[in-house]
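Single-structure report; data block below.
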Amino acid sequence: ETGVTQSPTHLIKTRGQQVTLRCSSQSGHNTVSWYQQALGQGPQFIFQYYREEENGRGNFPPRFSGLQFPNYSSELNVNALELDDSALYLCASSRTGSNTGELFFGEGSRLTVL
Amino acid sequence: GENVEQHPSTLSVQEGDSAVIKCTYSDSASNYFPWYKQELGKRPQLIIDIRSNVGEKKDQRIAVTLNKTAKHFSLHITETQPEDSAVYFCAAGSNNAGNMLTFGGGTRLMVKP
């Protein structure tokens, strides 16, 4: 069984730039969620994708956007990067309709904005 | 929206002692309460979860209790070991809403040998 994989693992951007982060969900999972984890804090929910559509969103501005592809993989795009966007971005996959709904996290993409 | 508060933020115990971490939540619609362990530089991993139709769940040295009326839930680790040292996060969500979780701020547990 293949786990959740994310790329890139680390990246550095400057303020105002755009970034795309990628996530491959665990085999058999159809739902992908993205979380932002600032240093020393708990993960914060950004949004969730199911059947290639956003079906839930946290308190993040529209410059955070995403996609889900037919193979259930996903992208997170952030435009007009700000210094406060520096964080670990975690992707989690799950299976909507399962009894548990357990989230399986990837190792994350650490974004530094200078 | 949901708000989850977690205490304490740091906890230091001697090996073999018990550790208790407490969380409160605000949204009465939440019905799923997982606990995640995150080691330094690693992904969060689910260690135990509880749903609102039960009050307690145990898995070896780990137990979770839930008080729906008071809107609080707790993680109990008995006979702590150095490898239990990590950051622990509680979370709340609703499996009617795709388990979009709201996390607490985390507890850094240090187990001294």
Side-chain angles (χ1 to χ4, degrees), chain A residues 3-7 9-10 23-26 29-51 53-60 66 68 72 74 87-110, chain B residues 1-10 21-25 27 29-54 57 59 64 75 86-109:
Chain A
V4 179
T5 58
Q6 293 186 242
S7 63
T9 55
H10 296 81
C23 171
S24 293
S25 61
Q26 181 160 313
H29 287 181
N30 55 15
T31 302
V32 174
S33 304
W34 287 91
Y35 288 80
Q36 180 196 66
Q37 187 176 24
L39 199 61
Q41 297 183 22
Q44 283 201 302
F45 175 69
I46 303 175
F47 43 54
Q48 183 181 89
Y49 277 82
Y50 172 61
R51 292 184 174 176
E53 290 189 1
E54 183 183 295
N55 73 334
R57 189 178 184 93
N59 189 26
F60 281 81
Q68 185 182 33
Y72 307 121
S74 177
L88 180 68
Y89 288 85
L90 293 164
C91 169
S93 73
S94 57
R95 181 160 184 81
T96 296
S98 72
N99 288 333
T100 66
E102 177 181 347
L103 297 186
F104 291 81
F105 283 91
E107 295 283 3
S109 294
R110 185 164 298 283
Chain B
E2 176 65 275
N3 182 50
V4 177
E5 302 276 349
Q6 183 172 348
H7 300 281
S9 56
T10 60
I21 302 170
K22 298 183 179 182
C23 289
T24 61
Y25 64 100
D27 189 349
S30 291
N31 58 11
Y32 176 61
F33 307 93
W35 287 85
Y36 283 84
K37 176 183 181 182
Q38 188 175 30
E39 298 177 8
L40 192 62
K42 301 288 188 180
R43 72 186 76 194
Q45 290 196 297
L46 180 73
I47 55 171
I48 194 167
D49 57 14
I50 192 168
R51 298 186 183 276
S52 58
N53 57 347
V54 297
K57 184 176 178 180
D59 183 4
V64 59
L75 177 71
V87 179
Y88 291 80
F89 293 99
C90 63
S94 167
N95 52 18
N96 296 327
N99 283 337
M100 299 170 211
L101 299 177
T102 300
F103 283 81
T107 296
R108 180 172 298 280
L109 174 64

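Side chains are part of it too, since the values below use all heavy atoms of this structure and drop only hydrogens, waters and symmetry mates. Within every chain, numbering begins at 1; the chains are lettered A, B, ... in the order of the sequence lines, protein sequences first and strands thereafter.
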| Stepwise side-chain contact (heavy atoms from CB on, under 4.5 Å) test for Glu2(B) and Phe45(A) | CA-CA 11 Å; Glu2(B) 176 65 275; Phe45(A) 175 69; over 6 Å; no
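Atom CG of Leu103(A) sits about 10.5 Å away from atom CE of Met100(B), to the nearest 0.5 Å.
For Pro34(B), no part lies near chain A; criterion is any non-hydrogen pair under 4.5 Å. With a threshold of 4.5 angstrom between heavy atoms, Gln41(A) approaches chain B through N, CA, C or O but not through any side-chain atom. With a threshold of 4.5 angstrom between heavy atoms, Gln37(A) approaches chain B through side-chain atoms but not through N, CA, C or O. Contact annotation for Tyr35(A): only side-chain heavy atoms (C-beta onward) come within less than 4.5 Å of a heavy atom of chain B. With a 4.5 angstrom heavy-atom cutoff, Gln6(B) does not touch chain A via any of its atoms.
In plain terms, the two heavy atoms of Gly42(A) and Phe89(B) that are nearest each other are CA-CE2, 3.2 Å. Between Arg43(B) and Val4(A), the closest heavy-atom pair is NH1-O, 3.8 Å.
Summarising the local packing, OH of Tyr25(B) is surrounded by more than 12 heavy atoms from other residues, nucleotides or ligands at distances under 6.0 Å. Around atom CG of Asn53(B), more than 12 heavy atoms belonging to other residues, nucleotides or ligands sit under 6.0 Å away. In the displayed structure, Arg57(A) atom CZ is contacted under 6.0 Å by more than 12 heavy atoms of other residues, nucleotides or ligands.
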